[in-house]
Q: 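Okay, here's the structure, questions in a sec.
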Amino acid sequence: KAGVTQTPRYLIKTRGQQVTLSCSPISGHRSVSWYQQTPGQGLQFLFEYFSETQRNKGNFPGRFSGRQFSNSRSEMNVSTLELGDSALYLCASSPSVTSDTQYFGPGTRLTVL
Amino acid sequence: AQRVTQPEKLLSVFKGAPVELKCNYSYSGSPELFWYVQYSRQRLQLLLRHISRESIKGFTADLNKGETSFHLKKPFAQEEDSAMYYCALNASSGSARQLTFGSGTQLTVLP
(Lines give C-alpha, C1' and ligand atoms only; values in the text may rest on other atoms or scores of the structure.)
Protein backbone atom coordinates (compact mmCIF):
# COMPACT_ATOMS: atom_id res chain seq x y z
CA LYS A 1 0.00 0.00 0.00
CA ALA A 2 1.16 3.51 -0.68
CA GLY A 3 1.92 5.50 2.42
CA VAL A 4 0.44 8.76 3.57
CA THR A 5 1.09 11.49 1.05
CA GLN A 6 1.13 15.22 1.65
CA THR A 7 1.14 18.03 -0.86
CA PRO A 8 2.84 20.29 -1.39
CA ARG A 9 6.08 19.25 0.28
CA TYR A 10 7.38 22.81 0.53
CA LEU A 11 5.58 26.12 0.58
CA ILE A 12 6.61 29.72 1.02
CA LYS A 13 4.03 32.34 1.91
CA THR A 14 4.04 35.88 3.26
CA ARG A 15 2.40 37.20 6.39
CA GLY A 16 -1.31 37.73 6.07
CA GLN A 17 -1.81 35.19 3.32
CA GLN A 18 -3.68 31.95 3.73
CA VAL A 19 -2.57 28.44 2.89
CA THR A 20 -4.17 25.06 2.28
CA LEU A 21 -2.31 21.82 2.83
CA SER A 22 -3.48 18.44 1.62
CA CYS A 23 -3.17 14.94 3.02
CA SER A 24 -4.10 11.65 1.38
CA PRO A 25 -4.27 8.82 3.91
CA ILE A 26 -3.35 5.22 3.33
CA SER A 27 -6.04 3.50 1.30
CA GLY A 28 -8.77 2.25 3.61
CA HIS A 29 -7.77 4.51 6.48
CA ARG A 30 -10.57 6.74 7.67
CA SER A 31 -8.96 8.69 10.49
CA VAL A 32 -6.64 11.60 9.78
CA SER A 33 -4.77 13.69 12.34
CA TRP A 34 -2.66 16.80 11.87
CA TYR A 35 0.35 17.92 13.86
CA GLN A 36 2.57 20.97 13.82
CA GLN A 37 6.29 20.52 14.43
CA THR A 38 8.53 23.45 15.32
CA PRO A 39 11.98 23.58 16.93
CA GLY A 40 10.63 25.53 19.88
CA GLN A 41 7.36 23.76 20.61
CA GLY A 42 8.06 20.31 19.19
CA LEU A 43 5.21 18.20 17.90
CA GLN A 44 1.79 19.56 18.75
CA PHE A 45 -1.60 18.08 17.95
CA LEU A 46 -3.84 20.20 15.74
CA PHE A 47 -6.95 18.14 15.05
CA GLU A 48 -8.32 14.73 14.17
CA TYR A 49 -10.96 13.83 11.60
CA PHE A 50 -12.96 10.69 11.10
CA SER A 51 -15.78 10.21 8.62
CA GLU A 52 -15.70 13.88 7.70
CA THR A 53 -16.20 14.94 11.32
CA GLN A 54 -13.70 16.70 13.54
CA ARG A 55 -13.38 14.50 16.62
CA ASN A 56 -10.73 16.33 18.56
CA LYS A 57 -8.95 19.66 18.43
CA GLY A 58 -5.74 20.88 19.95
CA ASN A 59 -5.02 24.24 21.49
CA PHE A 60 -4.59 26.33 18.36
CA PRO A 61 -6.33 29.56 17.34
CA GLY A 62 -9.32 29.57 15.04
CA ARG A 63 -7.07 30.56 12.13
CA PHE A 64 -6.25 26.87 11.91
CA SER A 65 -9.04 24.81 10.42
CA GLY A 66 -9.45 21.59 8.58
CA ARG A 67 -11.85 19.31 6.85
CA GLN A 68 -12.13 15.79 5.59
CA PHE A 69 -13.76 14.60 2.42
CA SER A 70 -15.82 11.50 1.77
CA ASN A 71 -12.77 9.73 0.33
CA SER A 72 -10.95 10.41 3.66
CA ARG A 73 -8.57 12.91 2.11
CA SER A 74 -8.06 15.86 4.40
CA GLU A 75 -7.06 19.48 4.08
CA MET A 76 -5.95 21.97 6.65
CA ASN A 77 -6.15 25.68 6.19
CA VAL A 78 -4.31 28.45 7.96
CA SER A 79 -5.62 31.96 7.43
CA THR A 80 -3.87 35.26 8.10
CA LEU A 81 -0.48 33.65 8.32
CA GLU A 82 1.96 34.77 10.98
CA LEU A 83 5.72 34.30 11.10
CA GLY A 84 5.26 31.84 13.95
CA ASP A 85 3.24 29.54 11.71
CA SER A 86 6.44 28.50 9.96
CA ALA A 87 6.67 24.81 10.73
CA LEU A 88 6.57 21.29 9.43
CA TYR A 89 2.96 20.14 9.25
CA LEU A 90 2.52 16.42 9.61
CA CYS A 91 -0.49 14.35 8.73
CA ALA A 92 -1.09 10.88 10.15
CA SER A 93 -3.68 8.32 9.20
CA SER A 94 -5.16 5.40 11.06
CA PRO A 95 -7.54 2.63 9.99
CA SER A 96 -10.17 3.59 12.51
CA VAL A 97 -10.71 5.50 15.71
CA THR A 98 -10.11 2.33 17.70
CA SER A 99 -6.69 1.71 16.16
CA ASP A 100 -3.83 3.09 18.22
CA THR A 101 -1.32 3.07 15.38
CA GLN A 102 -0.88 6.23 13.36
CA TYR A 103 1.07 6.30 10.11
CA PHE A 104 2.76 9.59 9.38
CA GLY A 105 3.31 11.37 6.13
CA PRO A 106 6.53 13.16 5.15
CA GLY A 107 5.14 16.55 6.08
CA THR A 108 4.71 19.91 4.41
CA ARG A 109 7.38 22.49 5.23
CA LEU A 110 5.70 25.90 5.45
CA THR A 111 7.82 29.01 5.58
CA VAL A 112 6.15 32.34 6.30
CA LEU A 113 8.14 35.43 5.33
CA ALA B 1 -3.44 18.64 31.31
CA GLN B 2 -1.20 15.92 30.00
CA ARG B 3 2.54 16.31 29.67
CA VAL B 4 5.40 14.17 28.41
CA THR B 5 8.96 14.88 29.46
CA GLN B 6 12.09 13.55 27.83
CA PRO B 7 14.91 14.99 29.92
CA GLU B 8 17.74 14.22 27.51
CA LYS B 9 17.89 16.11 24.23
CA LEU B 10 21.03 14.29 23.18
CA LEU B 11 22.32 10.87 24.13
CA SER B 12 25.46 9.15 22.88
CA VAL B 13 26.48 5.58 23.56
CA PHE B 14 29.01 3.22 22.08
CA LYS B 15 27.98 0.29 19.92
CA GLY B 16 27.23 -2.72 22.06
CA ALA B 17 26.53 -0.68 25.17
CA PRO B 18 23.13 -0.62 26.83
CA VAL B 19 20.92 2.36 26.15
CA GLU B 20 18.01 3.84 28.05
CA LEU B 21 15.94 6.76 26.81
CA LYS B 22 13.92 8.31 29.58
CA CYS B 23 10.29 9.33 29.39
CA ASN B 24 8.08 10.61 32.18
CA TYR B 25 4.48 11.60 31.86
CA SER B 26 1.74 13.32 33.78
CA TYR B 27 -1.84 12.45 33.03
CA SER B 28 -4.83 12.02 35.28
CA GLY B 29 -6.45 9.30 33.19
CA SER B 30 -5.36 5.84 32.11
CA PRO B 31 -2.35 6.41 29.87
CA GLU B 32 -1.67 4.94 26.48
CA LEU B 33 2.02 5.38 25.76
CA PHE B 34 4.07 5.01 22.63
CA TRP B 35 7.57 5.40 21.35
CA TYR B 36 8.00 6.86 17.87
CA VAL B 37 11.27 6.97 15.97
CA GLN B 38 12.49 9.12 13.12
CA TYR B 39 15.56 7.94 11.24
CA SER B 40 17.51 10.43 9.18
CA ARG B 41 15.50 11.60 6.15
CA GLN B 42 12.64 9.24 6.97
CA ARG B 43 9.19 9.88 8.27
CA LEU B 44 8.09 9.45 11.84
CA GLN B 45 7.10 5.88 12.59
CA LEU B 46 5.74 3.92 15.51
CA LEU B 47 8.38 1.88 17.32
CA LEU B 48 6.32 0.32 20.06
CA ARG B 49 3.32 0.81 22.32
CA HIS B 50 2.97 -0.13 25.94
CA ILE B 51 -0.26 -2.02 25.50
CA SER B 52 1.29 -4.69 23.31
CA ARG B 53 4.32 -5.27 25.57
CA GLU B 54 6.36 -6.24 22.53
CA SER B 55 10.03 -5.97 21.68
CA ILE B 56 10.81 -4.23 18.42
CA LYS B 57 14.35 -4.13 17.01
CA GLY B 58 15.53 -5.22 20.45
CA PHE B 59 13.87 -2.28 22.19
CA THR B 60 11.48 -2.70 25.10
CA ALA B 61 9.60 -0.25 27.25
CA ASP B 62 7.73 -0.89 30.46
CA LEU B 63 5.02 1.33 31.80
CA ASN B 64 5.65 2.15 35.46
CA LYS B 65 2.54 3.84 36.76
CA GLY B 66 4.04 4.40 40.18
CA GLU B 67 6.91 6.40 38.74
CA THR B 68 4.84 7.64 35.79
CA SER B 69 7.59 6.54 33.45
CA PHE B 70 7.88 4.71 30.16
CA HIS B 71 11.60 4.41 29.54
CA LEU B 72 12.88 2.84 26.33
CA LYS B 73 15.67 0.30 26.70
CA LYS B 74 17.94 -1.81 24.57
CA PRO B 75 20.67 -4.03 26.01
CA PHE B 76 23.11 -3.71 23.10
CA ALA B 77 22.90 -0.59 20.95
CA GLN B 78 23.65 -0.76 17.23
CA GLU B 79 24.80 2.04 14.93
CA GLU B 80 21.54 1.78 12.97
CA ASP B 81 19.67 2.75 16.14
CA SER B 82 20.92 6.30 15.74
CA ALA B 83 17.78 8.38 15.32
CA MET B 84 15.41 10.81 16.99
CA TYR B 85 13.13 9.13 19.51
CA TYR B 86 9.84 10.59 20.72
CA CYS B 87 7.75 9.40 23.61
CA ALA B 88 4.04 10.06 23.14
CA LEU B 89 0.92 9.88 25.27
CA ASN B 90 -2.55 9.35 23.91
CA ALA B 91 -4.79 11.65 25.88
CA SER B 92 -7.89 10.00 24.60
CA SER B 93 -11.38 11.11 25.23
CA GLY B 94 -13.64 8.22 24.44
CA SER B 95 -12.37 6.92 21.15
CA ALA B 96 -10.83 10.16 19.97
CA ARG B 97 -7.07 10.39 19.98
CA GLN B 98 -4.74 13.25 20.74
CA LEU B 99 -1.07 12.38 20.87
CA THR B 100 1.03 14.52 23.18
CA PHE B 101 4.70 14.21 22.28
CA GLY B 102 7.80 14.74 24.32
CA SER B 103 10.50 17.00 22.95
CA GLY B 104 12.51 14.05 21.68
CA THR B 105 15.92 12.51 22.33
CA GLN B 106 18.53 12.36 19.59
CA LEU B 107 20.36 9.07 20.05
CA THR B 108 23.78 8.62 18.51
CA VAL B 109 25.42 5.23 18.62
CA LEU B 110 29.15 5.57 18.17
CA PRO B 111 31.26 2.88 16.48
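What you see below is based on every heavy atom in this structure, not just the backbone, and it leaves out hydrogens, waters and symmetry mates. Quick note on labels: first sequence line is chain A, next is B, and so on, each numbered from 1.
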Q: Could you check whether atom CD of B:E67 has more than 12 heavy atoms from other residues, nucleotides or ligands sitting under 6.0 Å from it?
A: no
Q: Do A:F60 and A:L83 sit in one hydrophobic cluster, given that two such residues count as connected whenever their side-chain heavy atoms are within less than 4.5 Å of each other, even indirectly?
A: yes
Q: Working note: A:F104 + B:Q38, criterion side chain to side chain contact (heavy atoms under 4.5 Å, CB included); need CA distance, chi angles, decisive distance, verdict.
A: CA-CA 10 Å; A:F104 282 81; B:Q38 188 166 28; over 6 Å; no
Q: With distance as the sole test, does B:R43 use its side chain to make a donor-acceptor pair with the main-chain N or O of A:V4 at under 3.5 Å?
A: yes
Q: Pick one of side chain, backbone, both or neither for A:Y35, based on which atoms fall under 4.5 Å of a heavy atom in chain B.
A: side chain
Q: How about B:Y39: does its OH atom have over 12 heavy atoms from other parts shown lying under 6.0 Å from it?
A: yes
Q: Among the options B:R49, B:Q42, B:Q45, pick out the one with the most heavy-atom pairs lying under 4.5 Å from chain A.
A: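 Of B:R49, B:Q42, B:Q45, B:R49 has the most heavy-atom pairs under 4.5 Å with chain A.
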Q: Using a 4.5 angstrom heavy-atom cutoff, name the option from A:S33, A:G105, A:G42, A:G58 with the most pairs to chain B.
A: A:G105
Q: How long is the straight-line distance from CG of B:L44 back to CG of A:L43, given to the nearest 0.5 Å?
A: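 If I round to the nearest 0.5 Å, the distance is 6.5 Å.
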Q: Considering residues, nucleotides and ligands other than A:R9, do more than 12 of their heavy atoms fall under 6.0 Å from its CZ?
A: yes
Q: Look at atom CZ of A:F69 and say whether more than 12 heavy atoms of other residues, nucleotides or ligands are closer to it than 6.0 Å.
A: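 Correct, the count exceeds 12.
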Q: A:W34 and A:L90: same hydrophobic cluster, using ILVMFWY side-chain contacts below 4.5 Å?
A: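 No, A:W34 and A:L90 fall in different hydrophobic clusters.
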Q: Determine whether the aromatic ring centres of residues B:F101 and A:F45 are separated by less than 6.0 angstrom.
A: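 For A:F45 and B:F101, the ring centres are not under 6.0 Å apart.
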Q: So for A:Q37, is it side chain, backbone, both, or neither that comes closer than 4.5 Å to the heavy atoms of chain B?
A: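 For A:Q37, the side chain is the part near chain B, not the backbone.
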Q: More than 12 non-hydrogen atoms from neighbouring residues, nucleotides or ligands closer than 6.0 Å to CZ on A:R15, yes or no?
A: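 Not more than 12 within 6.0 Å, no.
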Q: Heavy-atom distances under 4.5 Å only: say whether A:Q44 touches chain B with side chain, backbone, both or neither.
A: neither
Q: Determine the minimum heavy-atom distance between A:K57 and B:Q98, stating which atoms define it.
A: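 In this case the closest contact between A:K57 and B:Q98 is O-OE1, 4.1 Å.
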Q: Which distance, rounded to the nearest 0.5 Å, do you find between the CG of B:L99 and the CD of A:Q102?
A: 4.5 Å
Q: Please answer: with hydrophobic residues joined when any side-chain heavy atoms are less than 4.5 Å apart, are B:Y86 and A:Y103 in the same cluster?
A: no
